[in-house]
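See structure below.
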Amino acid sequence: MNILILTQYYPPEIGAPQNRLSSLALSLKRDKHNVEILTTMPNYPKKELFKKYRNLNYLEEKINNIKITRTSIYIPKNKRKLNLLLMYFSFVFSSIFQFRIKNKKFDYVICESPPLFLGISAFYLSLRSKAKLIFNVSDLWPESAERLGIIKNRIFLFPAYFLEWLIYKYAFLVTCQTKGILNNINKRYPKVKTYWFPNGFDKSILKSKRDKYFPKNFKKKGKKLIIYGGLLGHAQGLKTILRAKKWIRKNYPSINKGLEIVFIGDGPEKDDLQKSNQLMGTNVTFLPADIKSKFISKLRNADACIIPLRKLDIFKGAIPSKIFDALALGIPIILGVDGEARELFIEKANAGIFYEPENHQELAKGLIKIYNNKNLENKILGKNGKAFVFNNFDRDHLNKKLINHLAEKNCFANSNR
């Protein structure tokens, strides 16, 4: 079968959709399907084109022997909301234009959302190819954008909700990263066919070696190293970490000296967080985002990982992908995400410590508990988490289950074309 994966995010960028889609593409290829990727020039998360791809409007290349077609995208210097919308739509138009030129035939189009607007391209591409649309939802747009206050104007929200309804109604199948997303869609659109396709971890990370030089700067004798790795964005509520560190410094100065907190990543909130870090005197270290292999090598040194999100009802159905790598490496988590993530990784797996989202005192107490725990206690939490994700969130197994599900639904049955 000929399958097109349409996405704004793909390697060499790093991130949850990039890892999940590249893994799925490899699984489909191993299953003897012809897979191609239609994406844009790499720019995530800084919204800056990677050096190799600058001044290009079109490029064909191969990664892991999978053909990738890249089209242009507008990268605004000013990150105002209107400019970000122009950025999203620029790829919508360039992907449609490129498809019209090539006029290729596919049996299935798999589209990654967000951005929701890419569904316009997917809708057009699937119609033109007479292909079935598989629409993957990793975040509920525009609902998340509205709840976070990113988009408030009803002039933008109404057509976005209409587009969401139109895509779900048209799609052959809607795949969802969490059961919370799946239940939300089923409740609002009960006739839509959905499938739970969670994030997971790739066993390849287990081959990575520990970065021996990294702890020399941050993990002195007797200190505990706590890492946050990922997007420094609006949804994460990362100032809670700074407030927790400040609270510990004020109330437990000796413990404060024994805690090293490191942020590894980039994003729209980074400048503001660095300024707050200086004003609050919290001495949190900021490191830039790195390629997956180098990040994992650093992560191996952590005594615990903080997994935060803001306190919003919509995030009760969220499972941040950074959970899986940490637990697969046997690292306990300090989880500030209520709902589905708490039920899975704290209550079922007993893989870490929970704190109420955006409650800096609870987070501070969680950090203190990790600090005071004997290494054996933290290792038990990590061991629990590792066993849980190995049994439930191995990405190869998840990909195979999806492929089998599609085969059962006759999605990959022989085409008459």
Side-chain angles (χ1 to χ4, degrees), residues 210-211 214-230 236-265 277 280 282-287 295-309 319-320 322-338 341-389:
R210 188 189 306 271
D211 184 339
F214 183 71
K216 288 182 180 180
N217 297 318
F218 305 107
K219 197 173 181 180
K220 312 290 185 184
K221 187 177 180 180
K223 288 195 173 186
K224 293 290 175 71
L225 175 62
I226 314 296
I227 288 179
Y228 168 81
Q236 286 70 33
L238 294 170
K239 282 189 180 177
T240 303
I241 299 176
L242 302 183
R243 295 187 185 104
K245 189 70 161 54
K246 182 180 178 180
W247 189 87
I248 294 171
R249 187 191 67 191
K250 179 181 178 181
N251 295 281
Y252 299 90
S254 60
I255 292 178
N256 179 63
K257 291 178 182 179
L259 281 173
E260 290 284 352
I261 298 179
V262 178
F263 286 12
I264 305 176
N277 185 44
M280 296 166 72
T282 40
N283 294 320
V284 169
T285 300
F286 289 79
L287 298 177
F295 170 72
I296 293 297
S297 294
K298 292 182 175 70
L299 184 64
R300 278 186 172 276
N301 294 285
D303 292 288
C305 291
I306 302 179
I307 315 291
L309 279 177
I319 301 179
K322 55 182 70 68
I323 290 174
F324 301 105
D325 287 343
L327 294 186
L329 295 174
I331 301 168
I333 58 173
I334 305 173
L335 182 69
V337 186
D338 209 345
R342 179 184 183 181
E343 292 167 9
L344 283 171
F345 302 105
I346 304 300
E347 295 173 4
K348 286 187 179 180
N350 189 26
I353 296 168
F354 173 79
Y355 72 93
E356 181 187 22
E358 296 193 90
N359 187 326
H360 72 273
Q361 289 191 25
E362 277 200 16
L363 171 56
K365 291 172 183 177
L367 289 165
I368 291 169
K369 187 173 182 180
I370 289 290
Y371 178 83
N372 286 331
N373 272 355
K374 295 180 180 179
N375 287 332
L376 179 61
E377 294 176 76
N378 289 334
K379 284 181 179 179
I380 289 172
L381 294 176
K383 186 177 180 180
N384 292 342
K386 186 172 185 175
F388 188 75
V389 296

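Given the structure is predicted, the values throughout are model-derived calculations rather than measurements.
Between F263 atom CZ and L287 atom CG the span is 11.0 Å, to the nearest 0.5 Å. In this structure, CD1 on I319 lies 9.5 Å from CD on E343, to the nearest 0.5 angstrom. To the nearest 0.5 Å, the span separating CZ on R210 from CG on L329 amounts to 9.0 Å. Note that the CG atom of N378 and the CD1 atom of I331 stand 11.5 Å from one another [nearest 0.5 Å]. Atoms CD1 and CD1, from I261 and I227 in turn, are 11.0 Å apart once rounded to the nearest 0.5 Å.
Looking at K224, its side chain never comes within 3.5 Å of a backbone N or O of G258 through a donor-acceptor pair. Panel note: side chain N301, backbone D211; a donor-acceptor pair is recorded below 3.5 Å. Formation of a donor-acceptor pair under 3.5 Å by the D325 side chain with backbone atoms of K322 is not found in this model.
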Donor-acceptor pairs under 3.5 angstrom involving side-chain atoms of residues 344-356: please list them, not counting sequence neighbours.
unit_1	atom_1	unit_2	atom_2	d
E356	OE1	N359	ND2	2.8
E356	OE2	K311	NZ	2.4

Side-chain donor-acceptor pairs of residues 237-245 under 3.5 Å, sequence neighbours excluded:
unit_1	atom_1	unit_2	atom_2	d
K239	NZ	D272	OD2	2.9
T240	OG1	G237	O	3.1
K245	NZ	N256	OD1	2.7
K245	NZ	T282	O	3.4

With a 3.5 Å cut-off and sequence neighbours excluded, list the donor-acceptor pairs that the side chains of residues 363-370 form with protein atoms.
none

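Within 6.0 Å of atom NZ in K246, 12 or fewer heavy atoms from other residues, nucleotides or ligands are found, so the atom counts as exposed in its surroundings. Other residues, nucleotides and ligands place no more than 12 heavy atoms under 6.0 Å from the OH atom of Y252.
Contact annotation: the side chain of N372 approaches that of I255 to within less than 4.5 Å [non-hydrogen atoms, C-beta and beyond]. Side-chain atoms of R249 and N283, non-hydrogen and from C-beta on, never get closer than 4.5 Å to each other. With a 4.5 Å cut-off on side-chain heavy atoms, F286 and N277 count as touching.
Smallest separation of non-hydrogen atoms from L309 and P357: O-CB, 3.5 Å. Taking each heavy atom of A326 and I333 in turn, the nearest pair found is CB-CG2, 4.2 Å. Minimum heavy-atom separation, E260 to K223: OE2-NZ, 2.9 Å.
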Walk me through whether L335 and I323 qualify under side-chain contact (heavy atoms from CB on, under 4.5 Å).
CA-CA 9 Å; L335 182 69; I323 290 174; 4.0 Å; yes

side-chain contact (heavy atoms from CB on, under 4.5 Å) between F295 and I264: does it pass, once the steps are laid out?
CA-CA 8 Å; F295 170 72; I264 305 176; 3.8 Å; yes

